[in-house]
There are 2 protein chains.
Amino acid sequence: MARPRKPLLSRDRIVEAAGALVDTEGLEAVSTRRLAAALGVSGPSLYNHFRTKDEILDAVADAVSARVDLSMFDGGGTDWRGALHAWAHSYRDALADHPNIVPVLARGPGRRPAGLRLADVVFGAMTAAGWPPAQATRIGALMRYFILGSAVASFARGFVDDRTAYDPADYPHLGQAHLLAERGREVDEGAFETGLTALLDGLGLQYEALKETA
Amino acid sequence: MARPRKPLLSRDRIVEAAGALVDTEGLEAVSTRRLAAALGVSGPSLYNHFRTKDEILDAVADAVSARVDLSMFDGGGTDWRGALHAWAHSYRDALADHPNIVPVLARGPGRRPAGLRLADVVFGAMTAAGWPPAQATRIGALMRYFILGSAVASFARGFVDDRTAYDPADYPHLGQAHLLAERGREVDEGAFETGLTALLDGLGLQYEALKETA
DNA sequence: ACCTGAACACCGTTCAAGT
DNA sequence: ACCTGAACACCGTTCAAGT
C-alpha cells in the first residue's frame, strides 16, 4: 500500500481505539500489533504518530483525566469543602468508567496536560480559599492519594471469588470474604463516601484552627 | 546439568532474588530469563517452583505486606485511633522501602496470605473497638485506599524534573512544579501526615456520633 | 524431582523500501 | 509524509530429554 493519499491514522483515532481496547480487554492485552490490527494497519504504522507505546497509553489516561469536571472551582473559592467533595466524585466516576487505565494514570501527571491542569486548578482554588501554599499542595496530593487509591486498590476487585481461598481458621474475620467480590461495588462506594467525608471533616477542623490563629 | 543432587532453587531464593531485581531495576526489568540468570539457572527452571511469573511477583508483594507491623492491634482495641495511626505509618514505611512492587500490591489481597491477614486484623480490631461490621469493612477499605494511593500515586514521583514541561502560561500555579521532584519526599510525607490526621479526626467525629445515638 | 536446551507464539521498535 | 514487510532482540511458557 505504502503511503495513502489520505492518512489512515491520526493521533485521535489511535487514542480512541487504544482506549476501547484497554476498556474491553485490559491493559495487558494491548500490544502495538493488536492495536494496529484493530485500526486496520500494520504494527509499525503507529510509530509515525507516537514515539512509544507508553506515549499512547499516557494519551489514553489523559483523555480520562480530561473528562473530570473542574467547574466547581470556578466560583472563587468560598465553599472549598463542597467543591472538593463534588470534584472527588466526578474524578472517581471518570476512573470507575475506565478502571483498566488507572494504573497508568497513577504513574503521575508527568507530562499529561489534563493531569497537570487538574493539579493546577485544585492548588489555585485552595490558595484562593485561604489555605497557605504548602497546605494547598498537600491537599492536592492527599486527595490524589485517596481518589486514585480508591480506584487502583479497589477493595472488592482485590478479593477472589472462591471461598476455598479464605479458610476461616486462618482469617477468623474474613469468613464471608468471598461475598465481597459480589457486593464489591457497595463496599467500595460506601468506603469512598465515608473516607471522603472524614477527610473533609478533618480538613475542616484544620481550617478552623488556621483561621483562629490568623 | 540436569537434576542436581541438591536443588539449586527454592521458592524463598527465587522470591528474594526477584525482590532485589524489582528494587534495583524496576518492575518492568524483571523477566523470567533475567531473574533466572541472576540465580545462575536457565529460565524454565523457575517453573518447577512457581506456576507463572505473576505468582512470583505476588510472593514478592506478600513479603512486603508481611513486614507491616500489626502488634498495635493486640491491645483489645480501646485506642483504635492510635492503633490505626501507627499501623498506617508502618504500612507506608514498608511500601516506601519497596516502591516498585506497589502496583502489584495494589492489585488487591487476592490470594496473598499476608495481605489477607492484614485486612483481617484491621477488621477485627475495629469491630472490637465498637464499630459496626459494615463500618469496620469500610474503614479497612478506605485506609487501604489512602495508604496504597500515597505509594502508587506519589505526588513528587509523578512530576518530571524538567522545567520546560510546565509552561506558566498553561499552568499558572505550577510555576515551580519542577521543584517538586526535588522536594518530593517532603511533600509526600507532609501530605500523608496531613491526610492521615484529617481522616482519623473525621472518623473520630463519626465515632462520637455513633456512641451518642447508642 | 529438578534442571536443561529447543521451540512456540508472541512482544516493542527500527529501518529500508515504496509512493 | 505515511504506510509496508522484514528483521532484531527480546518476552512467558511448554515440553521432551536427561539424571
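Proteins get letters first, then strands, A, B, ... in listed order; numbering begins at 1 in each.
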(request) Mind running a 4.0 Å heavy-atom check of residues 52-59 of chain A against DNA chain D and sending the residues that fall below it, in number order? (result) none
(request) Sequence neighbours left out, what passes salt bridge (Lys or Arg N to Asp or Glu O under 4.0 Å) with B:Asp54? Give chain and number order. (result) B:Arg107
(request) State which of D:dC3, C:dC2, D:dT4 makes the closest approach to the side chain of A:Ser42. (result) D:dT4
(message) I want to check one thing: is the phosphate of C:dC3, taken as OP1 and OP2, less than 4.0 Å away from some side-chain N or O of B:His49?
(response) yes
(request) Would you mind reporting whether A:Leu196 and A:His85 have side-chain heavy atoms less than 4.5 Å apart? (result) yes
(message) Could you tell me how far apart B:Arg5 (CZ) and D:dT19 (P) are, to the nearest whole angstrom?
(response) 13 Å
If you look only at distance, which donor and acceptor atoms sit under 3.5 Å apart when one is on a side chain in residues 37-48 of chain B and the other is two or more places apart or in another chain?
from: B:Ser45; atom 1: OG; to: B:Ser42; atom 2: O; distance (Å): 3.1
from: B:Asn48; atom 1: ND2; to: B:Ser45; atom 2: O; distance (Å): 3.3

(message) Could you tell me how far apart A:Asn48 (CG) and D:dC2 (P) are, to the nearest whole angstrom?
(response) 7 Å
(request) Enumerate the residue pairs fulfilling side chain to side chain donor-acceptor pair (under 3.5 Å) with a member in residues 12-24 of chain A, sequence neighbours excluded, ordered by first and then second residue. (result) A:Asp23-A:His98
(request) Go through the structure and list residues passing ring pair (Phe, Tyr, Trp, His ring centres under 6.0 Å) with B:His49, not counting sequence neighbours. (result) none
(request) To the nearest Å, give me how far apart CG (B:Leu39) and C1' (C:dT4) are. (result) 16 Å
(request) Quickly work out the A:Phe50 CZ to C:dG12 P distance and round it to whole Å. (result) 15 Å
(message) Expected output is a numbered-order residue list: members of residues 10-35 of chain A with a heavy atom under 4.0 Å from any atom of DNA chain C. What is it?
(response) A:Val30, A:Ser31, A:Thr32, A:Arg33, A:Arg34
(request) Please list, chain by chain and in numerical order, all residues satisfying side-chain hydrogen bond (donor to acceptor under 3.5 Å, both in side chains) with A:Ser31, sequence neighbours excluded. (result) none
(request) Could I get the full list of side chain to side chain contact (heavy atoms under 4.5 Å, CB included) partners for B:Pro132, not counting sequence neighbours? (result) B:Gln135, B:Leu210
(request) Report the stems of DNA chain C as range-with-range entries sorted by first number; a stem here is at least three consecutive pairs, Watson-Crick or G-U wobble, both distances under 3.5 Å, and write none if there are none. (result) C:4-8 with D:12-16, C:12-16 with D:4-8
(message) Nearest to the side chain of A:Pro44, heavy atoms from C-beta on, is which of C:dG5, C:dC2, D:dA6?
(response) D:dA6
(request) Find the distance B:Tyr47:OH to D:dG12:P and express it as a whole number of Å. (result) 6 Å
(request) Could you check how far CG of A:Leu46 sits from P of C:dC15, rounded to whole Å? (result) 17 Å
(request) Not counting sequence neighbours, which residues clear ring pair (Phe, Tyr, Trp, His ring centres under 6.0 Å) with B:Phe146? List them please. (result) A:Tyr145, B:Phe192
(message) Tell me every residue that passes side-chain hydrogen bond (donor to acceptor under 3.5 Å, both in side chains) with A:Arg5, counting only those two or more places apart in sequence or in another chain.
(response) none
(message) Quick check: do B:Thr194 and A:Gln206 have side-chain heavy atoms less than 4.5 Å from each other?
(response) yes
(message) Under the rule for side chain to side chain contact (heavy atoms under 4.5 Å, CB included), what residues qualify as partners of A:Val68, not counting sequence neighbours?
(response) A:Trp87, A:Ser90, A:Tyr91, A:Ala94, A:Leu118
(message) From the set C:dC3, D:dC15, C:dT13, return the single nucleotide nearest to any side-chain atom of B:Pro7.
(response) C:dC3
(request) Grab the CG-P distance between A:Leu8 and D:dC3 for me, whole Å please. (result) 5 Å
